[in-house]
2 protein chains.
Amino acid sequence: MTDTRESGTRSRTRRAILAAAASVLARDRGATLADIAEAAQIGRSTLHRYFSDRQDLVNAAVVDSFRVVEKSTAGAAIDQGPPIEAMRRLIAALVDAGDRLAFLFGDPRVLEEFTACFEPDLSVPTTVTLIERGQAEGVFDPGVSAEWIQQVLWALTYTGWEAAEKGLLPRHGVAAAVTRAFESGMVVSPARP
Amino acid sequence: MTDTRESGTRSRTRRAILAAAASVLARDRGATLADIAEAAQIGRSTLHRYFSDRQDLVNAAVVDSFRVVEKSTAGAAIDQGPPIEAMRRLIAALVDAGDRLAFLFGDPRVLEEFTACFEPDLSVPTTVTLIERGQAEGVFDPGVSAEWIQQVLWALTYTGWEAAEKGLLPRHGVAAAVTRAFESGMVVSPARP
DNA sequence: TGATAATGAGACATCGAAGTCTCATTATGA
DNA sequence: TCATAATGAGACTTCGATGTCTCATTATCA
């Protein structure tokens, strides 16, 4: 899928811009193209050489972030082993891709826009598949939809990332805190309502 | 605190603008003042008669939303009864104030800005107080900070609101889904890591 | 009803970000 | 080294949101 006609230099610059865009926009959606260029350590005019539009840049950043998260997910091998263990690997992977996830999750509109027109890599097992597998095995709550569980997963991961940003959680404790919240909730001896 | 010199008409219009602002901005942070005026069913020039600045409007909307959420919280009487029950009432109240919460929670910067300069009504028991009470009684997870639990609470509530917006959850099921997630997490037989 | 408050429509100026372009400089690779 | 690719700085235009203002109309209340 990568354009092989693009030189190494250009390819590297492009990646830097996309990473900077996701990182900056995750923290401030109203950020200026100048802000993004500065974060990418390039001139604003250079940015325009790669992406004609702001919209063009955002679109590319979304697709790119999808790919990055997808890759992280793939690395967690979530189609193997017990669902609980697979989910713990997935959470760790998602936390690692925090910037990208925060960028995607932080803007509901962006996500919606692309869910329709963006066809995911079918060779990569999806999060929903893992959740459904866990539900079938009676490990994940079968009383709610897999999509809801996925939303909760993303929300908790995002919250963990944000908490670390604010200094509320130590970086190295995010994955554990998210995992714990996801698996057990906040009540010690849960009484199902 | 309400300016008694303001006529009933103006007071009503002001409230309508603030409610519209929170509602519109919760769904689209980049929304135009024209969008907000339209949602409030007033002319754009009228809006400027009430709030000189965009910043002025946003500030007022934040303060107002704080008050609304505070009032909801107060109505839940979270300083009374078992913490679990109090938390369930609180979640129901927060879900009811969904728009306002989404507005406040959806923009981390807004929240930060005001947490410092905005002194809360001390006569109203705070969420953190409830959480700490629950932790002291061994009901809420004492292994994490109360602030983290509060973040999770807000995140889950926001996610429930958003899921309802997207049609992923029925409106009447949001509070139950959030409560369940908050208390028990997503795993049927939790194995604490 | 009559005085006044409140509003809506819209013209107008302003301002900042976005986007375009040029030219000199630096980096890359054959 | 040399040709070419890539970049940075900055001038410039465009465009849309914002903020100001006027005037006619409508709503409110004594």
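Letters go in sequence order (proteins before strands), and every chain restarts at 1. Please read all numbers here as calculations on a predicted model, not as lab measurements.
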DNA chain D nearest-nucleotide lookup for B:Gly30 and B:Gly8: closer to the 5′ end is B:Gly30

Stacked cation flag B:Arg100 on B:Phe105, 6.0 angstrom / 45 deg: no

For atom CZ of A:Arg14 and atom P of D:dA5, their distance in whole Å: 17 Å

Out of curiosity, does A:Val128 fall in the hydrophobic cluster containing A:Phe140 (side-chain heavy atoms, cut-off under 4.5 Å, transitive links)? no

Measure CZ/B:Arg54 against P/C:dA17 and give the value in whole Å, please. 13 Å

Rounded to whole Å, CG of B:Asp53 lies from C1' of D:dT18 at a distance of 9 Å

Using the rule given for side-chain hydrogen bond (donor to acceptor under 3.5 Å, both in side chains), can you reason through A:Thr129 versus A:Arg133, listing the C-alpha separation, both sets of side-chain angles and the distance that settles it, and then say yes or no? CA-CA 6 Å; A:Thr129 304; A:Arg133 184 162 68 92; over 6 Å; no

Can you tell me if A:Thr13 touches the phosphate of D:dT7, counting only side-chain N or O atoms and a distance under 4.0 Å to OP1 or OP2? yes

Is the phosphate of D:dT7 approached by A:Tyr50 (side-chain N or O, under 4.0 Å from OP1 or OP2)? yes

Options D:dA6, C:dT7, C:dG19, nucleotide nearest the side-chain atoms of A:His48: C:dG19

What integer distance in Å separates A:Arg12:CZ from D:dT7:C1'? 13 Å

Listed by chain and number, what are the ring-ring contact (aromatic ring centres under 6.0 Å, His included) partners of B:Tyr50, not counting sequence neighbours? none

Got a sec, which residues hit side chain to side chain contact (heavy atoms under 4.5 Å, CB included) with A:Gln80, two or more places apart in sequence or on another chain? A:Ala77

Is the number of heavy atoms from other residues, nucleotides or ligands under 6.0 Å of A:Lys166 NZ greater than 12? yes

Flag the pair B:Arg180 and A:Asp141 as a salt bridge only when some basic side-chain nitrogen lies within less than 4.0 angstrom of an acidic carboxylate oxygen. yes

Rounded interatomic separation in angstrom, taking CZ from B:Arg10 and P from D:dC29: 14 Å

Between C:dG16 atom C1' and A:Leu33 atom CG, what is the distance in whole Å? 12 Å

Starting from C1' on D:dG8, measure out to CD on A:Glu38 and report it in whole angstrom. 14 Å

Under 4.0 Å, heavy atoms only, any strand: does A:Gln41 hit a base, just the sugar-phosphate, or nothing? sugar-phosphate

Do any N or O atoms of the protein come closer than 3.5 Å to N or O atoms of nucleotides 9-16 of chain D, and which pairs are they?
from, atom 1, to, atom 2, distance (Å)
D:dA9, N7, A:Ser45, OG, 3.2
D:dA9, N6, A:Ser45, OG, 3.4

What's the CG-P distance between B:Leu47 and D:dT20, to the nearest Å? 12 Å

